[in-house]
Amino acid sequence: MYDKLTTEELTEKAEQLEESGKLVEALEYWRAAVQRDSDPVSLCQFGNLARTMGKWSEAEGALVLAANLAPELPNPYTLLGFLYLDQDMLEEAMSYFQKALEIEQTAAGLTSLGMVQLELGLNEDERASLKEAIRIDPNYEEAYYNLGLTYHQDQRARAVELLAKAVQLDSEYAMAHRELGWALRHPLLFTQPTVANSVKTI
């Protein structure tokens, strides 16, 4: 079936199936496409879908190959970071997020790094990453949310300010609404934050 299609047709079909939620079929088309042509972009798309489906080994192989073929691209490193984060391999995740940021500094990348640093207990490093994310993109709500979490024990007013900013930027940000409400209703019990996977003075 796949032999009758060009590589471009395979990737187009894979994207269509993925958008429609038919992930098993989409993965088969991505697999056929990258076996025919090891394009770094297609490898990243294939690897990310495999990661989403919990196929860790296959995802890792595709993303490592993409990184080797195109070491100048940040995406393979970013996706490897998420792959290892999904598996609670925090040191590895942090290393790959840092590699991606060495190539390109983005608010999303710095926020992802900050998420891992928080999980590792590196609060000061996380705050530095998230403040830089906000400097790059003052409207990136996930950076405000995650930065707010770092203040939940020692500076509740600061946490409330940052969480409120996240809600202001995205009125449908459910986790930010929840943490803000918890902080306002139970100030002494605001000790169980949930990290997102995404202020007047910083």
Side-chain angles (χ1 to χ4, degrees), residues 44 47-49 51-52 54 56 59 63 73-202:
C44 283
N48 192 44
L49 179 57
R51 176 185 73 85
T52 300
W56 310 129
L63 295 171
L73 294 179
N75 284 1
Y77 301 112
T78 297
L79 292 173
L80 280 165
F82 282 117
L83 174 67
Y84 294 125
L85 181 59
D86 288 345
Q87 300 172 79
D88 293 321
M89 300 169 65
L90 300 180
E91 295 286 351
E92 291 85 350
M94 182 169 67
S95 176
Y96 277 100
F97 285 138
Q98 288 170 333
K99 287 181 180 180
L101 288 165
E102 288 172 5
I103 298 170
E104 182 182 13
Q105 291 262 317
T106 65
L110 285 159
T111 302
S112 298
L113 175 62
M115 288 165 50
V116 177
Q117 290 168 329
L118 177 62
E119 291 292 322
L120 288 168
L122 304 172
N123 274 21
E124 291 306 314
D125 290 340
E126 193 228 4
R127 285 176 182 174
S129 295
L130 294 171
K131 288 175 181 179
E132 181 63 13
I134 291 169
R135 187 193 68 78
I136 291 174
D137 184 356
N139 295 313
Y140 195 61
E141 67 277 5
E142 284 194 19
Y144 290 99
Y145 170 81
N146 283 284
L147 185 58
L149 298 185
T150 72
Y151 291 103
H152 73 279
Q153 290 184 334
D154 58 344
Q155 297 182 48
R156 187 182 68 85
R158 183 70 170 133
V160 168
E161 180 185 9
L162 289 158
L163 293 167
K165 181 65 175 180
V167 169
Q168 176 188 340
L169 289 168
D170 183 357
S171 61
E172 297 183 2
Y173 199 160
M175 288 191 295
H177 274 288
R178 183 186 65 191
E179 297 299 337
L180 177 59
W182 185 258
L184 292 170
R185 288 195 300 271
H186 308 283
L188 300 180
L189 300 176
F190 184 45
T191 58
Q192 299 295 326
T194 302
V195 177
N197 190 12
S198 229
V199 195
K200 295 178 181 178
T201 304
I202 301 296

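Numbers for residues simply follow the sequence, beginning at 1. Heavy-atom basis, side chains included; hydrogens, waters and symmetry copies ignored.
Closest non-hydrogen pair, Thr150 versus Arg127, comes out as O-NH2, 2.6 Å. Here the closest heavy-atom approach between residue Ala166 and residue Ala176 is recorded as CB-CB, 4.0 Å. Thr111 approaches Ala143 most closely through the heavy-atom pair OG1-CB, 3.6 Å. When every heavy atom of Leu180 is checked against every heavy atom of Ala164, the shortest pair comes out as CD2-CA, 3.9 Å. Considering all non-hydrogen atoms of both residues, Gln105 and Glu132 come closest at OE1-CG, 4.1 Å. The two residues Leu169 and Pro138 make their nearest non-hydrogen contact at CD1-O, 4.1 Å.
Listed by chain and number, the residues in a side chain to side chain contact (heavy atoms under 4.5 Å, CB included) with Asp170 are Glu141, Glu172, Tyr173 (sequence neighbours excluded). Residues passing the salt bridge (charged side-chain N to carboxylate O under 4.0 Å, His left out) test with Glu102, sequence neighbours excluded: none.
Of the inter-residue distances, the one linking Leu149 atom CG with Met175 atom CE reads 8.5 Å to the nearest 0.5 angstrom. The distance from atom CZ of Phe97 to atom CE of Met115, rounded to the nearest 0.5 Å, is 6.5 Å. Taking CG of Asp137 as the start and OG1 of Thr106 as the end, the distance is 9.5 Å to the nearest 0.5 Å.
Side chains of Leu110 and Leu101 form a contact here, defined as non-hydrogen atoms less than 4.5 Å apart. In this structure, Leu163 and Tyr145 have side chains that are in contact, with non-hydrogen atoms separated by less than 4.5 Å.
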Please report, to 0.1 Å, the donor-acceptor pairs under 3.5 Å made by any side chain of residues 77-96, with sequence neighbours excluded.
from, atom 1, to, atom 2, distance (Å)
Thr78, OG1, Pro74, O, 3.3
Tyr84, OH, Glu60, OE2, 2.4
Asp86, OD2, Arg51, NH1, 2.5
Gln87, NE2, Leu83, O, 3.1

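No donor-acceptor pair under 3.5 Å is formed between the side chain of Tyr144 and the backbone N or O of Leu130.
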